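Worksheet: the structure to be examined is printed underneath.
Here the structure is a predicted model, which means the values were calculated and not measured. The figures here come from the full heavy-atom set of this structure, side chains too, leaving out hydrogens, waters and symmetry mates.
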Amino acid sequence: MFDDKKHVALPSILTADDVNAVSPALAHYTQGALLKGLWKRPELSPRDRSVVTVAALIARIQTVEMPYYFALALDNGVTPAELSEIITHLAFYVGWANAMSAVAVAKDIFHQRNIGSAQLPPAQGKLLPLNEEAEKQRATRKQ
């Protein structure tokens with residue numbers, strides 16, 4: 001898993017021309033209904049829509065779309081640290097393999113954008129202080 005000598009080829013970002021060459025109708029719907037429609041709705045900011053989309057792609061191991069939407073998330077204001085944390089959190093919710101698939105894609109995006117470890121959260125950060133009052137209440141509740 002961590003053998004740097006082995007590299008698995010990942011899908012590149014599909015262009016509109018790639019999609020159009022295979023399915024003109026899908027290219028039309030991608031540009032219109034998806035990118036110019038759904039992504040422009042005011043109910044969610046592009047940043048928030050990116051967070052939700054990235055999480056869904058990781059949860060479903062949809063690696064073909066990850067390069068495009070990871071890059072878009074960064075363009076929409078999701079920080080490298082936040083993208084890193086999304087991947088880490090989802091490892092616990094949807095599985096290590098899902099997170100590792102996302103790592104494989106994100107590492108290439110991070111490399112392309114010169115994102116280094118200084119921009120990422122540390123492996124072990126400072127924990128939040130324990131809320132003693134809330135803990136007392138929790139301990140006295142009936143299970």
Side-chain angles (χ1 to χ4, degrees), residues 1-135 137-139 141 143:
M1 175 180 345
F2 292 103
D3 185 357
D4 290 339
K5 295 177 186 171
K6 294 180 183 178
H7 179 74
V8 177
L10 293 171
S12 61
I13 294 177
L14 293 172
T15 66
D17 289 339
D18 294 334
V19 179
N20 195 49
V22 174
S23 178
L26 182 58
H28 170 77
Y29 291 122
T30 299
Q31 286 300 312
L34 184 64
L35 299 177
K36 292 179 182 171
L38 177 71
W39 275 86
K40 301 299 181 187
R41 291 181 185 170
E43 291 83 7
L44 283 178
S45 69
R47 181 192 177 288
D48 290 347
R49 196 173 304 279
S50 287
V51 168
V52 172
T53 300
V54 163
L57 291 173
I58 295 167
R60 299 185 67 190
I61 318 176
Q62 294 179 318
T63 56
V64 170
E65 294 285 338
M66 283 182 195
Y68 177 81
Y69 285 103
F70 285 11
L72 183 62
L74 293 169
D75 293 343
N76 285 338
V78 175
T79 67
E82 291 169 327
L83 184 54
S84 174
E85 288 292 338
I86 291 168
I87 293 168
T88 301
H89 280 59
L90 284 170
F92 291 92
Y93 296 116
V94 298
W96 236 251
N98 298 49
M100 290 301 178
S101 295
V103 165
V105 173
K107 78 172 183 61
D108 291 337
I109 302 291
F110 285 6
H111 177 75
Q112 291 168 3
R113 293 180 178 227
N114 296 314
I115 297 168
S117 60
Q119 294 170 272
L120 304 176
Q124 293 183 324
K126 182 180 176 186
L127 298 176
L128 295 173
L130 186 63
N131 181 331
E132 298 291 341
E133 183 59 35
E135 279 302 303
Q137 290 176 5
R138 184 194 59 77
R141 276 188 235 132
Q143 299 297 328

Output a table of donor-acceptor pairs, distance under 3.5 Å, between side-chain atoms of residues 50-60 and any protein atom two or more places apart or on a different chain; print 'none' if there are none.
residue: Ser50; atom: OG; partner: Pro46; partner atom: O; Å: 3.0
residue: Ser50; atom: OG; partner: Asn76; partner atom: ND2; Å: 3.0
residue: Thr53; atom: OG1; partner: Arg49; partner atom: O; Å: 2.8

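Summarising the geometry of Pro80 relative to Leu120, their closest heavy-atom pair is O-CD2, 3.7 Å, with the distance given to 0.1 Å. Annotation for Ala102 and Phe70: closest pair O-CE2, 3.5 Å, computed over non-hydrogen atoms. Ala27 and Ala16 make their closest contact through CB-O, 4.3 Å (heavy atoms, listed as atom of the first residue, atom of the second, distance).
Here CZ of Arg47 is found 7.0 Å from OG1 of Thr79. Values are rounded to the nearest 0.5 Å. The CD atom of Glu82 sits 9.5 Å away from the CG atom of Leu74 when rounded to the nearest 0.5 Å. Summarising the geometry, atom CZ belonging to Arg41 is positioned 16.0 Å from atom NZ belonging to Lys36; distances are rounded to the nearest 0.5 Å. Once rounded to the nearest 0.5 Å, the distance linking OG1 of Thr63 with CG of Asn98 reads 10.5 Å. A distance of 9.5 Å separates OH in Tyr68 from OG1 in Thr30, rounded to the nearest 0.5 Å. Here Ile87 contributes atom CD1 and Met100 contributes atom CE; the two are 10.5 Å apart, rounded to the nearest 0.5 Å.
Every side chain to side chain contact (heavy atoms under 4.5 Å, CB included) that Asn131 has, sequence neighbours left out, goes to Glu133, Ala134. Listed by chain and residue number, Trp39 satisfy the ring pair (Phe, Tyr, Trp, His ring centres under 6.0 Å) test with Tyr69 (two or more places apart in sequence, or in another chain).
Here the side chains of Arg113 and Gln119 are not in contact, with every heavy-atom distance at 4.5 Å or above. Proximity of Val64 to Gln62: side-chain heavy atoms (C-beta onward) are nowhere separated by under 4.5 Å.
Formation of a donor-acceptor pair under 3.5 Å by the Ser101 side chain with backbone atoms of Ala97 is found in this model.
The aromatic rings of Trp96 and Phe92 sit perpendicular, their planes meeting at an angle over 60°, well past the 30° parallel limit.
Each of Val103, Leu83, Val105 was checked for a side chain to side chain contact (heavy atoms under 4.5 Å, CB included) with Phe110, and the lone residue meeting it is Leu83.
Side-chain contact of Asp18 with Thr15: a donor-acceptor pair under 3.5 Å is present, judged by distance alone.
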